[in-house]
Structure formats: structure tokens, C-alpha cells
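Below you'll find the structure, written out as C-alpha cells, and then a few comments.
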Amino acid sequence: MADIIQLLPDHVANQIAAGEVVQRPASVVKELLENAIDAEATTIKLIIKDAGKTLIQVIDNGKGMSTTDARLSFERHATSKIKTADDLFHLNTKGFRGEALASIAAIAHVELKTRQEQVETGTSICIEGSHMVSQEVVVTPIGTSVSVKNLFFNIPARRNFLKSDTVELRHVIDEFHRVALAHPKVHFLLYNNGSETFNLPVSNYRQRIVNIFGSKTNEKLVPVEEETEVIKISGFVGKPEFAKKTRGEQYFFVNNRFIRSAYLNHAILSAFEGLIKTGTHPSYFLNLTVDPQTIDINIHPTKTEIKFDDEHTLYAILRSAVKHSLGQFNISPVLDFERDSNLDTPYNYSKSTVRAPKIEIDRNYNPFQDSESFKRQTSSFNKRPSDSWDSLYVGLDSKNITPQGNSDMKFEGEASDGSLFESNEQVNMTYQLHNKYIISAIKSGMLVIDQYRAHQRVLYEDFLQNMTVKEAVSQQLLFALELHFSSQEIEIIKQLKEDLEHTGFVFSKIANESVEITGVPLNVPESEVSIILEQLINDVQHEVPNSNFSAIDLLAKSMAKSLAIKTGQILKKDEQEYIVNRLFACKEPNISPANRLIFITVGVDELDKKFI
Ligand code: ADP
Ligand code: MG
């Protein structure tokens with residue numbers, strides 16, 4: 001097998017953040033676990049004696065090293081992971097400094113055993129305080145085992161400086177957790193003084209968290225998902241009521257690397273503002289994925305601090321993603337908190353095929369066409385069921401659904417007071433661009449709002465509220481509507497029946513392959529009913545299982561998607577204003593129910609710059 005480790009040229013080595021790698025047993029644990037990950041191991045065993053003071057051993061089944069590499073690996077700045085200074089900005093590995101093994105070998109008794117897959121025999125090397133004691137051919141399993149004994153044997157001052165076993169073991173376990181959380185697809189085991197303390201099988205992220213922190217954790221997790229051009233966020237935050245007095249379970253991973261960031265931590269705290277008591281700390285387990293070129297990991301020797309190119313944007317996205325998740329959680333009762341839907345799919349028909357909608361509808365119909373009736377219906381609430389044409393103004397009825405209308409609901413949306421806008425006069429300055437965006441003037445410049453996403457947000461919050469307070473108004477149909485579905489689809493409708501009824505649907509019959517509907521939610525046109533249900537079934541089939549599956553939430557999202565005015569629709573001035581005003585009365589005006597950005601702001605200063 002080819003040798004892959006090279007000594008870094010001086011000019012590259014000099015660019016690597018200098019500093020001590022080994023401060024305590026936990027530092028060794030971190031470096032060895034990371035090497036095993038970089039070696040693409042699928043099972044990693046950590047063995048600890050006396051909190052790592054006597055023994056730290058990591059055994060992996062990764063790709064191993066050639067004999068030459070095994071020897072070179074203990075040299076300073078010897079690494080297979082980077083070659084040029086430029087590589088520092090395209091890192092896909094945990095290590096890159098080529099210093100860990102050298103630093104560890106300098107202050108302990110180290111034994112390395114390693115074998116590559118295609119080679120019959122392996123290599124064993126013993127080094128004590130940087131002195132090579134032995135190198136021999138051995139029989140050893142594929143992969144690498146590094147044991148580190150008698151840490152700081154040659155620096156008594158440092159050895160004495162170590163804390164009690166309890167404290168050091170705590171640090172060791174913390175490092176183990178960090179690496180294990182970042183890699184749920186790797187099987188990790190931890191043996192402490194001869195007994196198995198953790199056995200973490202390959203799993204999904206949620207299960208990994210639960211396996212580490214205990215089964216009670218499961219019900220405390222609220223999923224966070226967001227994907228934008230600059231960052232992908234996935235993971236969980238703890239429900240506000242489980243916030244702790246001590247800062248314990250707070251984890252950021254950037255490209256699968258545990259990092260500390262007071263700034264991003266602040267983004268989370270601000271998302272929790274008003275939801276947790278001061279002095280308590282929310283837990284979070286968040287994975288951030290960014291382009292490696294946009295971060296610098298080489299700013300700290302232990303690689304736990306990162307410099308982001310655009311920290312401000314990440315802050316805003318992170319905060320809004322977490323707020324959004326908490327908002328959803330607060331507003332919508334979740335069907336079943338206890339159930340880990342990753343382990344247990346609530347619906348067993350997810351494999352059924354999706355049928356295309358059968359009923360023809362006039363897609364060109366513009367519900368805003370008649371702006372006289374638009375105004376009328378926004379000001380009057382008492383609609384007769386027969387006013388079905390009027391009901392096409394879906395969600396434009398503000399009386400029943402303004403957030404302030406219900407005292408049970410907390411709407412802490414920061415922009416809801418309209419403070420973004422200079423004055424009413426300026427709010428009225430809207431303009432529609434390409435039948436897609438609404439441009440609106442604000443104090444600092446202008447807003448560019450995606451009309452489809454904005455209206456989805458408005459409808460989504462309306463539906464959620466209606467369903468949650470269970471006060472939705474139903475409009476009776478003159479003739480019962482019979483719709484046909486497959487038996488699998490009927491199952492879904494049965495499961496969702498109760499929630500659908502809370503939105504205003506009235507089912508007079510649910511047969512094996514058809515349903516009969518006699519009432520639909522106010523403002524839902526009869527011609528759209530079939531589409532809404534098809535869409536909903538489709539969404540359920542594709543979105544389940546989701547950790548905090550909430551039928552109400554899905555239904556609200558699905559209906560909002562079906563009924564929102566679409567891209568391409570021409571909007572009159574008052575319609576544009578209506579959407580802008582309603583949007584900023586929303587709890588979460590920034591992101592659509594599908595977690596997409598609803599608007600961007602363009603500052604006057606940005607415009608000014610373009611005119612230089
Ligand atoms: P770095 O990880 O920064 O490259 P290290 O001193 O930790 O530096 O390791 C030096 C080199 O030794 C690595 O680049 C890698 O090629 C090799 N190595 C270390 N540990 C392992 C392992 N567990 N399996 C395979 N190769 C390893
Ligand atoms: Mg390393």
C-alpha cells in the first residue's frame with residue numbers, strides 16, 4: 001500500500017495555529033477519536049483507566065497505516081490530510097495539523113498497532129517521551145489501536161495539575177459525547193475501568209442523542225431544520241420548559257466538528273427569549289453545514305473555534321430557524337410527544353403512490369379580481385354559506401383570524417407592531433415586480449417579498465390558529481361532495497378526520513374508497529377541496545415520519561400551500577398592501593411554512609454603494 005503521510009513544508013507548518021494540544025486526558029481522547037473518524041472507521045472503542053491518567057486507548061476498524069506511515073505519523077507536522085496552505089480552506093477531515101501524535105508521544109508511553117486491509121501483517125511501534133523503543137511486525141486486526149499510558153510521566157508538574165478522577169473523567173466523557181454526537185453513523189463504545197459505560201449503535205441523530213442522554217430526552221426535543229444557500233441547519237433544541245440551571249447540553253457542530261461559539265449561542269438564547277427563565281439554559285444539538293471555504297478552523301490549536309466569513313447572516317438564520325421551530329411547537333399541539341416517530345412510523349401507508357388530482361379547476365382564476373368585493377369581505381365577517389364565490393378570498397378575512405383576536409395565543413413576532421415601516425404612508429408604497437415579488441418601502445430601504453410564500457405564511461398561521469382553538473367556521477355545501485380515493489388514502493383521511501373537522505370540514509360518510517363531504521372550511525372554495533385533500537395526503541405520505549409529527553401543522557401547511565395566491569398572479573395595490581400588512585402581523589413573518597425566506601431587505605446604503 002502506498003504511503004500517504006508527508007511532512008508539511010515549513011511555510012505551511014508556520015501557518016498552522018501554534019499551541020498546546022494536550023492539556024489533559026480528554027485532549028488525547030479527542031485527538032485519537034478524531035484520527036479514527038478521519039480513518040473512516042465504522043466502529044470505535046475507547047478504553048479508559050483512572051480517568052485516562054493510567055490508560056487511554058482507542059481502537060478503530062479504519063483504514064490503518066503502512067509501516068512507513070506508522071513511523072512518520074509521530075513526526076511533527078506529518079500528516080496525510082493537507083499538502084498546501086490552500087488546503088486549510090478546504091478541510092474535510094478533523095485533523096490537519098499533523099501534531100497530535102507527536103505531541104502525545106512526547107509526554108506519554110504510546111503504543112501504536114496498525115494494519116491495512118490488503119496487508120497480512122501489521123506494525124507495532126512503542127514510543128516513550130518521543131524516543132522510539134521498538135518497531136516490529138505484528139499480527140493485529142485491520143485498523144489502528146493507539147494506547148497512551150502514564151500521561152505526563154515526564155512532566156510531574158503537569159501531572160499534579162490534573163484534577164480528581166471524577167473531574168477528568170467528566171472531561172473525557174464530554175469529548176466522547178461530542179465526537180459521538182457528530183457521527184451517529186459510527187458505532188462507539190466506551191469502557192471505563194473495565195466496565196462498558198456507553199454502547200452507541202449506528203443510528204439516526206435523534207436516537208444518538210437519546211442513547212447518550214437517556215430516553216427521557218426524547219420527549220424534550222424540538223426539531224430544527226433549515227436550508228439556505230449559505231447554511232444548512234438540522235438538529236434539535238430542547239423544549240423551553242426543560243431549560244436547565246447549568247449549561248449542559250449545548251452542542252454546535254459545524255461540518256461534523258464540535259465547536260464553541262458564544263456568538264451563535266447568543267442567537268439561540270435570543271430565539272428562546274421570553275420562553276425561558278433568566279438564568280436557565282436551553283439545550284441544543286445543532287448541526288450546521290457550510291461550505292468549508294467560508295470558514296477558518298485554523299485559528300485555535302484545539303480546533304474548537306471557527307471563524308465564519310459571514311457570522312451575521314448565520315446568526316440571523318439560526319435565530320429565525322430556532323424561533324420558527326419553537327413557534328410551531330408552541331402553537332400546535334403535537335399528536336404524540338411520547339412516540340419517537342423515527343422508530344415508529346405513525347402511518348403505515350407511506351409507500352402508496354400519489355394520484356394526480358382529478359377535478360379540473362380554473363387555475364387562472366384570480367381571487368382578487370373584483371377589488372370591490374375584496375374590500376367588502378375584509379370589512380364584513382358575516383358571510384352566508386351561499387356566498388361561495390366570495391369565499392375564494394381565502395384567508396383574507398381578518399376579523400376572525402387576526403393574531404390578537406385570541407387571548408390564548410402568544411404572538412411575539414417582533415415586526416408585528418409594524419415598526420419596520422416608517423409610516424402608514426410608506427407602507428402604501430408597494431409595487432409588484434414580475435407578478436412575483438411585492439416591493440415595499442421601509443425605513444432603511446426596501447423589502448422584496450415573495451408573494452406566494454408571504455400568503456402561505458398568512459394562511460398557515462390562520463389555519464393553525466383556527467385548528468388549535470377549534471373554532472373554525474364551516475360553510476355548508478348545497479350538495480354533498482363525493483370524492484374518490486384509494487383505500488390507503490382513505491386511511492390517511494380517517495387519521496386526520498378530527499383535525500380536518502377542526503378546520504371546518506364536515507364528513508357525512510367515509511366509505512372504503514370514497515368520502516362524502518357536506519361542509520368545508522370557510523373561505524375554501526368547493527372546487528379546491530379535492531386538491532387540498534390530495535395535496536394533504538401527498539404531504540403526509542412524504543413528510544412522515546417526522547420527529548414531532550403534527551397532523552394539524554401538516555394540514556395547515558398543506559392547505560396554505562394549496563390556497564395561497566401563486567407566483568404569476570397579478571395583484572392590485574390594495575391586495576399587495578393587504579398581504580404586506582397581514583404578513584407583518586404574523587408571528588413569524590420571515591420564513592414560509594416550508595422554511596423558505598419570505599422577504600429580503602435591500603438597504604439604501606447598499607443601493608448607494610452601487611452608485612459610487
Ligand atoms: P493529523 O490528524 O492532524 O494529520 P496526527 O498527528 O493526529 O495529525 O496524525 C498524523 C497522521 O497519522 C494522520 O495524518 C494520519 O495519516 C495518520 N493516522 C493517525 N491516526 C490514525 C488512525 N487511527 N488510522 C489511520 N491513520 C492514522
Ligand atoms: Mg489527528
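Small disclaimer: the values here were computed from a predicted structure and weren't measured. Positions are given from 1 along the sequence. Each ligand, and each atom within it, is numbered from 1 in the order the structure gives.
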Classify the angle between the aromatic ring planes of F213 and F285 as parallel (below 30°), tilted (30 to 60°) or perpendicular (above 60°). tilted
How are the rings of F153 and H109 set to each other: parallel, tilted or perpendicular (split at 30° and 60°)? tilted
Answer yes or no: is there a side-chain heavy-atom contact under 4.5 Å between V133 and I127? no
Is there side-chain contact between N61 and T42, with heavy atoms separated by less than 4.5 Å? yes
Identify the protein heavy atom lying closest to [atom], giving its residue, its atom name and the separation to 0.1 Å.
atom                    : result
atom 19 (C) of ligand 1 : N35 ND2, 3.5 Å
atom 12 (O) of ligand 1 : S73 CB, 3.3 Å
atom 2 (O) of ligand 1  : K81 NZ, 2.6 Å
atom 22 (C) of ligand 1 : T144 OG1, 3.7 Å
atom 26 (N) of ligand 1 : M65 CG, 3.4 Å
atom 11 (C) of ligand 1 : I5 CD1, 3.6 Å
atom 10 (C) of ligand 1 : A78 O, 3.4 Å
atom 15 (C) of ligand 1 : S80 OG, 3.5 Å

Given K244, which of H281, Q250, E249 fulfils the side-chain hydrogen bond (donor to acceptor under 3.5 Å, both in side chains) condition? E249
For [X] and ligand 1, does the shortest N/O to N/O distance drop below 3.5 Å?
X   : result
D60 : yes
G64 : no
G95 : no

What atoms of ligand 1 come within less than 4.0 Å of a heavy atom belonging to [X]?
X    : result
T79  : 1 (P), 4 (O), 14 (O)
A100 : 6 (O), 7 (O)
F96  : 1 (P), 3 (O)
E99  : 6 (O), 8 (O)
R97  : 3 (O)

Using ring centroids (six-membered ring only for Trp), state whether F188 and H183 fall under 6.0 Å. no
Is the Y263-Y315 ring centre distance short of 6.0 angstrom? yes
N192 and T197: side-chain donor and acceptor closer than 3.5 Å? no
Residue pair Q57 / S145, side-chain donor-acceptor N/O under 3.5 Å: yes
Pick one: which of F272, F253, F252, F242 meets ring pair (Phe, Tyr, Trp, His ring centres under 6.0 Å) with Y284? F252
Got a sec: is T79 within less than 2.8 Å of the Mg ion (ligand 2) via an N/O/S atom? no
Please compare G98, G143, A105 and report which has the shortest non-hydrogen distance to atom 8 (O) of ligand 1. G98
R115 (side chain) donor-acceptor with V119 (main chain) under 3.5 angstrom: yes
